Amino acid sequence: MSQEKKYWQILSSNHPPYSFIESFKSYVPELSGKYLAQLLWQRGIKNPEDIASFLDPKQYKPASFSAFGSEINNAVARIISARNNQEKVAIWGDFDADGITSTSVLWDGLGEFLDKIDQLTYYIPNRFTESHGLNFSGIERLAKKNYSLIITCDTGSTNIAEIEYANSLGIDIIVTDHHTIPTKRPPLFAIINPRYFSQDHPLYNLSGVGVAYKLIEALYLTHPEIPQLPLTELLDLVAIGLIADLVELRDDCRYLAQIGIEKLRTQLHKTTRPGVAKLLELCQKTGDRPTDISFGIGPRINAVSRIMGEASFCVELLTSRNPQHCQKLALQTELANSRRKSLEKEVAKDIAQKLTKLDLSTTHVIVLSDPQWPVGVLGLVAGQIAQKYGRPTILFSEETEVTKTSEKKLLARGSARSVGNINLYELVKNQAHLLHNFGGHPFAAGLSLPVENISIFTDAINQLLGEILGVTFNQTSVIEVDLIITVSELGRDLFQELKLLEPCGMGNPVPKLLIQNCWFTDIWHQNQTDMEGNKVRYIKTNFEICDKSIDKGFPGIWWGHYKEEIPEEICDAVLELDFNAKKKCYEARLIAVQPNSQDSQVVASNTVNWILDWRNNSQPLFENKNSKFLNKNYSDTNESKLSLRENEKDLIVLTQCPTNWNDLRIWFRRAINQQKKLAIAYSQPFITHPLQIWQQLLGIAKYLSRTGQPVTPDQLVKKLSISDTTLKLGLIALQYFGFNVKYKDKYFYIIQSQSQNQKLETLSQTVQKFLAAVSEEQFREKYFCEVPLKIIEAIAIQTILEDANSSIPF
């Protein structure tokens, strides 16, 4: 495979005004403020109110728990009823860091209202034997022990059958979760899930621990006379879960993470959670940085279920006040993490060998399997492969499942990770007919399927994404860069300004720093060792980075890479600036590097300022061929009127949603060739379930047959909101249902015959093909209506760079 080209995309070349920089003096009086001002300006934080609430949590006004409405009120009332009636209540959690901290928050929080010995318990499923979510056997065991209320955390929203089973056993269910919501409200007592909010709601991005905290907050504020433990005592757990779950850290998520880290940093000198303090000690962190969670505590908690399957003791680790007991549990966690690193490296090595036999130029989704791979680390490795190769990655192991009839079934069970805003959940969901089970997020999913279906699943998911992305997968990698700096600027002053952006994560990434024309010295790598001195097959390369701005090099590390991977010649390098708490020094964390040559280019983001995002009616739209703009919210100023007049003559407007990137590239090239701006102004229609669309088509066929009326293809396409190709599949299915479809003089004539001699299996197959085609179209429309503008701009840059004769017009 040829070396992948990289381009550094500078997020903005527009510097903030001097007055804007001056406004930061109150936050960094001893520093210049220029870096922080530049970064916030680039990230759209430009007015004083937003600046204050972003940097200082005391200036932020969090959303009330009451935003969840009657659902959270019902949950509070049910819990208080359980308290008053001495009912037994079970917390049903999950085995990852978000699920463990969610369970811990509910255990400590509900423990102020319910007796922990006689009334309250928690249940963490085993990763290897039970997987995520509610399950029948666990519910049955709780019923036998007379539990009458289950409160889930970080799980449960789509477990409809399990909820119904619990109801049949006399158990009420309260779900607190943040995963995908079902189309209809489940039959439960209350469901508290921020996915019911709009995406711009301040609570929308809460992870499971954030939702659990809101429930406890509601209990505290509505019944303040009951609890003895201060609500703030839960905040360190909230920060751990939020940051470990990689949610978008904006609005209330950022606020809770900020105040949670403030609580976490006190654990080393004012310990209220000896288990948390011991974890910080073992990972040599102080607790004052989000990376202390994302690279320290979080991976250690996650490692337990990945290696052992059973992770219930992690709740004890986080909530017990017994230092000796917590030390023992923390050491188990540390050993599990060391074993996780070793297994992760072994699987990655196997995958590297398998990838040499794969033609990546025609591969859109990397799908690999091996019966020997430990399933617990597949998600971690899939994430690494996805980032390295720029493709969604799905990795499978194999296991034997024993069914209720004692039949043994060989299943492939695995994890999937996405990149570049490709909605992996929807992509996998389109292959649901091939799967045994699946669930997850847009960027991460877990799934299982019969081993014999792996090949057809691989072909199907590659074909679907391939048609969306284009005929060939683009090999160009665009890395977004926040600042261009020199080696001499690395150090305390820059770090202190960047630290004010924390906590960083999705929606507020760690700043990427580009150093051009640099070189590396004192390069060496080593295998890591665990706490017992055993070598772990996990590599870290150390180096010093140099350039002409300074005589002395600056220390740095590159995790997971060997020294041979660093070029010997003059380079361009993208890195993050970090502080090594163990060595008490600042260091560079290398992200990407390549020789400085013609293949390495810096592309400023303003090279694509000719793409306007008007999707989903977010900007003025054309009413007719006269190019009249309509938008009642558009400001009626001379400046905007001038902009409208200019846009009328200088715009190309795309109103038809593309179905793949090649379609969109045609519009990019048209705008470039005509020296005009491109407004993407399509909207996603209301999504109707594919089965309803089939029923509509069937109903239309019966009506036309009864009345004898003809219909044009365009009329059917518009009525059903499907393409011509999908309509053809629907008409074929109608013929299997006994309809005679004829095309004459641009009209369809549909007549229902009396005979329907097709086998039921054939009927089902023809309808399934139609339903799959509808689902695929809806997936494509959703993708292109939601993909962020920056992804579209990146593809535009790639198109420009790959077209040898193209020129940038603006």
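Just so it is clear, the model here is predicted, and its values are computed rather than measured.
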As a quick check of understanding, evaluate salt bridge (Lys or Arg N to Asp or Glu O under 4.0 Å) for R83 and E112, giving each step before the final call. CA-CA 10 Å; R83 166 188 165 85; E112 295 295 299; over 6 Å; no
Between [X] and [Y], does any side-chain donor sit less than 3.5 Å from a side-chain acceptor?
X: S198; Y: D200; value: yes
X: T155; Y: D94; value: no
X: S53; Y: Q59; value: no
X: H178; Y: D154; value: yes
X: D236; Y: Q267; value: yes
X: N430; Y: S775; value: yes
X: D177; Y: S157; value: yes
X: H325; Y: E316; value: yes

Would you say the ring centroid of Y682 lies under 6.0 angstrom from that of F784?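 For Y682 and F784, the ring centres are not under 6.0 Å apart.
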Original post:
Do Y165 and F136 have their ring centres less than 6.0 Å from each other?
Top reply: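 When the ring centroids of Y165 and F136 are compared, they turn out to be within the sub-6.0 Å range.
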Close side-chain approach of [X] to [Y], heavy-atom, < 4.5 Å:
X: T101; Y: D245; answer: no
X: V175; Y: I173; answer: yes
X: S312; Y: Y123; answer: no
X: L188; Y: D172; answer: no
X: L231; Y: Y213; answer: yes
X: N337; Y: P299; answer: yes
X: F68; Y: L203; answer: yes
X: S448; Y: N437; answer: yes

Evaluate side chain to side chain contact (heavy atoms under 4.5 Å, CB included) for L264 paired with L235, printing each intermediate quantity in order.
CA-CA 8 Å; L264 180 64; L235 289 173; over 6 Å; no
Looking only at heavy atoms, which two atoms of [X] and [Y] are closest? And how far apart?
X: P187; Y: E164; result: CG-CG, 3.6 Å
X: L427; Y: I422; result: CD2-CG2, 4.4 Å
X: H436; Y: L411; result: CD2-CD1, 3.6 Å
X: L249; Y: N508; result: O-CB, 4.2 Å
X: A386; Y: R417; result: CB-O, 3.9 Å
X: L106; Y: T152; result: CD1-O, 4.2 Å

Is there a donor-acceptor contact under 3.5 Å from the side chain of [X] to the main chain of [Y]?
X: D98; Y: A244; result: no
X: E130; Y: N126; result: yes
X: T271; Y: R273; result: no

Distance, nearest 0.5 Å, that separates [atom1] of [X] from [atom2] of [Y]:
X: I226; Y: I80; atom1: CD1; atom2: CD1; result: 4.5 Å
X: L317; Y: S104; atom1: CG; atom2: OG; result: 8.5 Å
X: H132; Y: N159; atom1: NE2; atom2: CG; result: 11.5 Å
X: I191; Y: I174; atom1: CD1; atom2: CD1; result: 11.5 Å
X: D292; Y: I261; atom1: CG; atom2: CD1; result: 8.0 Å
X: R265; Y: K285; atom1: CZ; atom2: NZ; result: 16.0 Å

Notebook entry, point to check: Could you go step by step and tell me if I171 and L149 meet the side chain to side chain contact (heavy atoms under 4.5 Å, CB included) rule?
Noted result: CA-CA 5 Å; I171 299 177; L149 176 61; 5.7 Å; no
Notebook entry, point to check: Salt bridge check: are K58 and E262 linked by an N-O gap of less than 4.0 Å?
Noted result: no
**OP:** Run the salt-bridge test on E71 and R185 with the 4.0 Å N-O cut-off and return the result as yes or no.
**Re:** yes
### Query
Honestly, is R254 close enough over Y60, meaning NZ or CZ under 6.0 Å from the six-membered ring centre and within 45° of the axis?
no
On the six-membered ring of Y147, is K88 placed so that its NZ or CZ lies under 6.0 angstrom from the centre and within 45° of the ring axis?
yes
**Full working for side chain to side chain contact (heavy atoms under 4.5 Å, CB included) between K263 and E233** = CA-CA 8 Å; K263 180 64 180 175; E233 287 297 307; 2.8 Å; yes
Please enumerate all residues that pass salt bridge (Lys or Arg N to Asp or Glu O under 4.0 Å) together with [X], with sequence neighbours excluded.
X: R321; value: D108
X: E248; value: R250
X: R413; value: E399

Mind running side chain to side chain contact (heavy atoms under 4.5 Å, CB included) on V510 and T291 for me, showing each step along the way?
CA-CA 10 Å; V510 175; T291 49; 5.7 Å; no
Q. In terms of the angle between their ring planes, are Y122 and W107 parallel, tilted or perpendicular, with boundaries placed at 30° and 60°?
A.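 Ring orientation, 0 to 90° scale: perpendicular.
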Specify whether Y425 and F438 have parallel, tilted or perpendicular ring planes, treating 30° as the upper limit for parallel and 60° as the lower limit for perpendicular.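 Correct class here is tilted.
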